[in-house]
Q: 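Below you'll find the structure I mean.
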Amino acid sequence: KAPELQQEILGIAIVLLRNGHVEEVMTFADQWVNGKAHPDPSLVRYFLTKLLRITEPPYSQYFASAVIRLMSLAGEPVDAREHLVEFVESSLYAEYNPPLSKEDRSELVKISRKLHLSH
């Protein structure tokens, strides 16, 4: 029952994100993944799939960094490859101010290689 409840909560988070509460939802997701809950990586990928399907470039530095951290912990969502490619390509070439951290940029390059993208 717990995974279904978590999935419902994530669905609500996606609705909130769609309604402009980006920072709040990404803060929630960061705390959820890094807190005591230790969610199943498949739930995090489920969230990332939904998230990538409703967002589009340009991505803020804050958003990109949060998504990269989630993917580094749970892996890339395979059910949203088209959206993942869009996210990775856009984030790799965006001129963020401040720029992505070296760790985030390195993780993006790794994901790009996994997706066989040229950069």
Side-chain angles (χ1 to χ4, degrees):
K1 194 75 177 166
E4 290 97 10
L5 178 60
Q6 287 184 18
Q7 222 170 19
E8 285 184 39
I9 292 168
L10 294 174
I12 293 167
I14 292 297
V15 170
L16 289 169
L17 185 81
R18 193 178 289 147
N19 286 297
H21 300 281
V22 176
E23 191 169 325
E24 295 90 340
V25 170
M26 298 314 291
T27 299
F28 155 77
D30 196 43
Q31 290 172 349
W32 171 60
V33 175
N34 293 305
K36 295 177 183 176
H38 300 293
D40 186 298
S42 66
L43 278 172
V44 180
R45 288 189 300 273
Y46 166 84
F47 175 71
L48 284 166
T49 298
K50 299 288 187 190
L51 176 112
L52 290 172
R53 285 184 176 158
I54 66 163
T55 58
E56 58 186 39
Y59 305 103
S60 71
Q61 186 272 353
Y62 177 84
F63 178 83
S65 184
V67 170
I68 294 164
R69 282 194 309 276
L70 291 172
M71 284 192 283
S72 71
L73 294 168
E76 303 83 38
V78 293
D79 295 339
R81 188 179 196 287
E82 176 185 332
H83 302 285
L84 178 60
V85 167
E86 180 180 59
F87 170 79
V88 169
E89 287 180 337
S90 175
S91 298
L92 268 175
Y93 299 108
E95 295 185 19
Y96 295 119
N97 188 14
L100 290 173
S101 69
K102 289 180 183 178
E103 295 83 11
D104 287 347
R105 181 131 180 93
S106 174
E107 190 64 31
L108 260 183
V109 169
K110 278 196 271 184
I111 295 167
S112 173
R113 288 185 180 136
K114 283 183 192 176
L115 296 169
H116 305 291
L117 304 176
S118 59
H119 56 273

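Worth saying up front: this structure is predicted, and the values here are computed from it rather than measured.
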Q: Who passes side-chain hydrogen bond (donor to acceptor under 3.5 Å, both in side chains) against Asp40, sequence neighbours left out?
A: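 Applying side-chain hydrogen bond (donor to acceptor under 3.5 Å, both in side chains) to Asp40 gives Ser42.
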Q: If every non-hydrogen atom of Thr49 is compared with every non-hydrogen atom of Ala80, which pair is closest and at what distance?
A: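 Shortest heavy-atom separation between Thr49 and Ala80 comes out as CG2-CB, 3.9 Å.
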Q: Closest approach of Val88 and Ser112, non-hydrogen atoms and distance?
A: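 For Val88 and Ser112, the tightest heavy-atom pair comes out as CG1-CB, 3.9 Å.
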Q: For the CG atom of Leu108 and the CG atom of Leu92, what is their distance to the nearest 0.5 Å?
A: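 It is 4.5 Å, given to the nearest 0.5 Å.
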Q: Which pairs pass salt bridge (charged side-chain N to carboxylate O under 4.0 Å, His left out) with one or both residues in residues 94-105, sequence neighbours excluded?
A: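 Every candidate salt bridge (charged side-chain N to carboxylate O under 4.0 Å, His left out) pair involving residues 94-105 fails, so no pair, neighbours aside, qualifies.
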Q: Is there a side-chain contact between Phe28 and Val33, using heavy atoms and a 4.5 Å cut-off?
A: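 SC-SC contact between Phe28 and Val33 ruled out.
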Q: By the side chain to side chain donor-acceptor pair (under 3.5 Å) test, which pairs, at least two apart or in different chains, include something from residues 14-24?
A: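 The answer is none; no pair qualifies.
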Q: Enumerate donor-acceptor pairs with a distance under 3.5 Å from any side-chain N or O in residues 70-78 to protein atoms, sequence neighbours excluded.
A:
unit_1, atom_1, unit_2, atom_2, d
Ser72, OG, Arg69, O, 2.7
Glu76, OE2, Lys114, NZ, 3.3

Q: Mind jotting down which residue pairs meet the side chain to side chain donor-acceptor pair (under 3.5 Å) criterion with at least one end in residues 50-61? Sequence neighbours excluded, please.
A: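 Every pair satisfying side chain to side chain donor-acceptor pair (under 3.5 Å) with a residue in residues 50-61: there are none.
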Q: Can you find a heavy atom in the side chain of Leu10 that is under 4.5 Å from one in the side chain of Trp32?
A: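 Heavy-atom side-chain distance check passes, below 4.5 Å.
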Q: For Ser91 and Leu100, work out which heavy atoms get closest and say how close.
A: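 For Ser91 versus Leu100, the nearest heavy atoms are O-CD1, 4.0 Å.
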Q: Calculate, to the nearest 0.5 Å, the distance between atoms CG and OH belonging to Asp79 and Tyr46 respectively.
A: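 So the gap between those two atoms works out to 11.5 Å.
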Q: Would you compute the distance between atom CD of Glu8 and atom CD of Gln6 and round it to the nearest 0.5 angstrom?
A: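 The CD atom of Glu8 sits 11.0 Å away from the CD atom of Gln6.
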Q: Got a sec, which residues hit side-chain hydrogen bond (donor to acceptor under 3.5 Å, both in side chains) with Thr27, two or more places apart in sequence or on another chain?
A: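 Partners of Thr27 by the side-chain hydrogen bond (donor to acceptor under 3.5 Å, both in side chains) criterion, ordered by chain and then number, come out as Tyr62.
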Q: Val15 and Ile9: same hydrophobic cluster, using ILVMFWY side-chain contacts below 4.5 Å?
A: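 Hydrophobic grouping puts Val15 apart from Ile9.
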Q: What's the shortest heavy-atom distance between Val67 and Leu48, and which atoms?
A: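 Heavy-atom minimum between the residues: CG1-CD2, 4.0 Å.
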Q: Which heavy-atom pair separates Met26 from Leu51 by the least distance, and what is that distance?
A: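 Nearest pair, atom of Met26 first, then Leu51: SD-CD1, 3.7 Å.
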